[in-house]
There are 2 protein chains.
Amino acid sequence: MVEPKVTAKVTPESCARDIMETIPVVMRFIRGEMRRQRTRSLSVPQFRALVFLSRHPGASLSSVADYLGVTRPTTSVLVERLVRRGLVTRTAHPEERRRIVLALTPTGAHELQHARDVARNRIAAVLADLSPVELRNISRGMALLERVFKNASPQDGS
Amino acid sequence: MVEPKVTAKVTPESCARDIMETIPVVMRFIRGEMRRQRTRSLSVPQFRALVFLSRHPGASLSSVADYLGVTRPTTSVLVERLVRRGLVTRTAHPEERRRIVLALTPTGAHELQHARDVARNRIAAVLADLSPVELRNISRGMALLERVFKNASPQDGS
DNA sequence: TATTGTTATACTCTATAACTATA
DNA sequence: TATAGTTATAGAGTATAACAATA
């Protein structure tokens, strides 16, 4: 009574298992690439903060925290390091005096571009042997994951 | 001369961009779920080490390090914490006296099962609205990523 | 009172360097 | 000499708690 398994049944649970198994492996690779840039290496959160600021110049600390999915104290420390390294400017908001205005410095924009290019190329190299269909499959999977996890991250459940 | 874009061209580079954007978001969610288990929370590396030991009882520290993709000093510290918490046993290898033999304690096996169940169910809940086709797409994408990143992680390039 | 941001504290991850012990 | 593992050190991520300043 064993059914010939042409394609295994995929459930949310089995999919979750696959995600738990694979995501950390890929994450580690990305981290390694970010860190490889010897003199000017970035952590993944630092990189993501720079990406966010490149898209949202003048953003507040809270908005960066929301994007990163971490608390404000964590973000405050992270931003402080980026400011000290000369990658980000932190100035007072003219009207709302509680707020700060964050933006990339020219150096920050440059370093971001560099890190992004290197990481993208290194990841692309790993993907080089995949077929167009397989690449599309991965991209589609990423889009789906982004859609469902983007706004689920805080704590929507228990 | 603008081609009607039915389906965007997916290149290794564009796929790499998607990966860089999405993986950290999902990773953060997984970390949050692991940490949620208040009293007995696990970090993702701790969780992964326990998973590995459940599959490879008696493994050496080096093999755990290889699986995690981190250095041996890092692994030594991580294992030390698991031993102190009573989740892992660390005994001398009978023949190769340089080696240690790592294994889960009954408590470790139990906590692993608990953490795994909770995290899987929480992730599955996020995936609940996806169709079977979409779930299969994600699982297929994970399998592809696992295949290419599993052995690329160290430093195969520059 | 609620929000923005910081500081203090504590813990984990992580690597490199230097070490011990064993093979 | 090479390998297995540890320890020391340093820096980053991270949260919670407590705080300051502003709205």
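Predicted model, so just to flag it, every value in this text is computed and none were measured. Just so it is clear: chains get the letters A, B, ... in the order the sequence lines come, proteins before strands, and each one is counted from 1.
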Name each donor-acceptor pair under 3.5 Å that joins a side chain in residues 96-104 of chain B to protein atoms two or more places apart or in another chain, with its distance.
from   : atom 1 : to     : atom 2 : distance (Å)
E96(B) : OE1    : R98(B) : NH2    : 3.3

- Message: Between E21(B) and R116(A), does any NZ, NE, NH1 or NH2 come within less than 4.0 Å of an OD or OE carboxylate oxygen?
- Response: no
- Send over the distance from L82(A) CG to dG5(C) P, rounded to a whole Å. 15 Å
- Note on the structure: Whether each nucleotide of nucleotides 6-13 of chain D has a protein heavy atom under 4.0 Å at its base (B), only at its sugar-phosphate (S) or at neither (-) is summarised, 5' to 3', as BB----BS
- Task: Could you tell me the separation between the CG atom of L78(B) and the CZ atom of R48(B), rounded to the nearest 0.5 Å?
- Result: 10.5 Å
- Task: Starting from C1' on dA15(D), measure out to CG on L42(B) and report it in whole angstrom.
- Result: 16 Å
- Task: Quickly work out the R99(B) CZ to dG5(D) P distance and round it to whole Å.
- Result: 7 Å
- Note on the structure: 5'-most contact on DNA chain D (nearest-nucleotide basis), E95(A) vs E96(B), goes to E96(B)
- Query: Do R98(A) and dT4(C) share a donor-acceptor pair, side chain to base, under 3.5 Å?
  - Reply: no
- Query: Who are the side-chain contact (heavy atoms from CB on, under 4.5 Å) partners of R140(A), not counting sequence neighbours?
  - Reply: L144(A), E134(B), N137(B)
- Item | Atom pair distance, as rounded to whole Å: CG in L68(B) and P in dA15(C) | 10 Å
- Item | With sequence neighbours excluded, residues passing ring pair (Phe, Tyr, Trp, His ring centres under 6.0 Å) with H110(A) | none
- Query: Which part of the nucleic acid, if any, lies within reach of S62(A) when heavy atoms closer than 4.0 Å are counted: base, sugar-phosphate only, or nothing?
  - Reply: sugar-phosphate
- Partner of E33(A) by salt bridge (charged side-chain N to carboxylate O under 4.0 Å, His left out), out of R122(A), R120(A), R28(A): R122(A)
- Should R84(B) and E80(B) be marked as a salt bridge (charged side-chain N to carboxylate O under 4.0 Å, His left out) after you check the CA-CA gap, both sets of side-chain angles, and the distance that decides it? CA-CA 6 Å; R84(B) 281 195 198 160; E80(B) 169 65 17; 2.7 Å; yes
- Message: Run the side chain to side chain contact (heavy atoms under 4.5 Å, CB included) test on D18(A) and I138(B) for me, step by step, so that the C-alpha distance in whole Å, both residues' side-chain angles and the decisive distance to 0.1 Å come before the verdict.
- Response: CA-CA 9 Å; D18(A) 296 338; I138(B) 292 173; over 6 Å; no
- Message: Below 4.0 angstrom, which residues in residues 112-120 of chain B have at least one non-hydrogen atom near DNA chain C?
- Response: none
- Message: Holding to side-chain contact (heavy atoms from CB on, under 4.5 Å), I want the full list of residues that pass it with R72(B), two or more places apart in sequence or in another chain.
- Response: L61(B), S62(B), A65(B)
- Query: Roughly, in whole Å, what's the span from CG in D66(A) to C1' in dG5(C)?
  - Reply: 13 Å
- Phosphate OP1/OP2 of dT14(D) contacted by T71(A) side-chain N/O (<4.0 Å): no
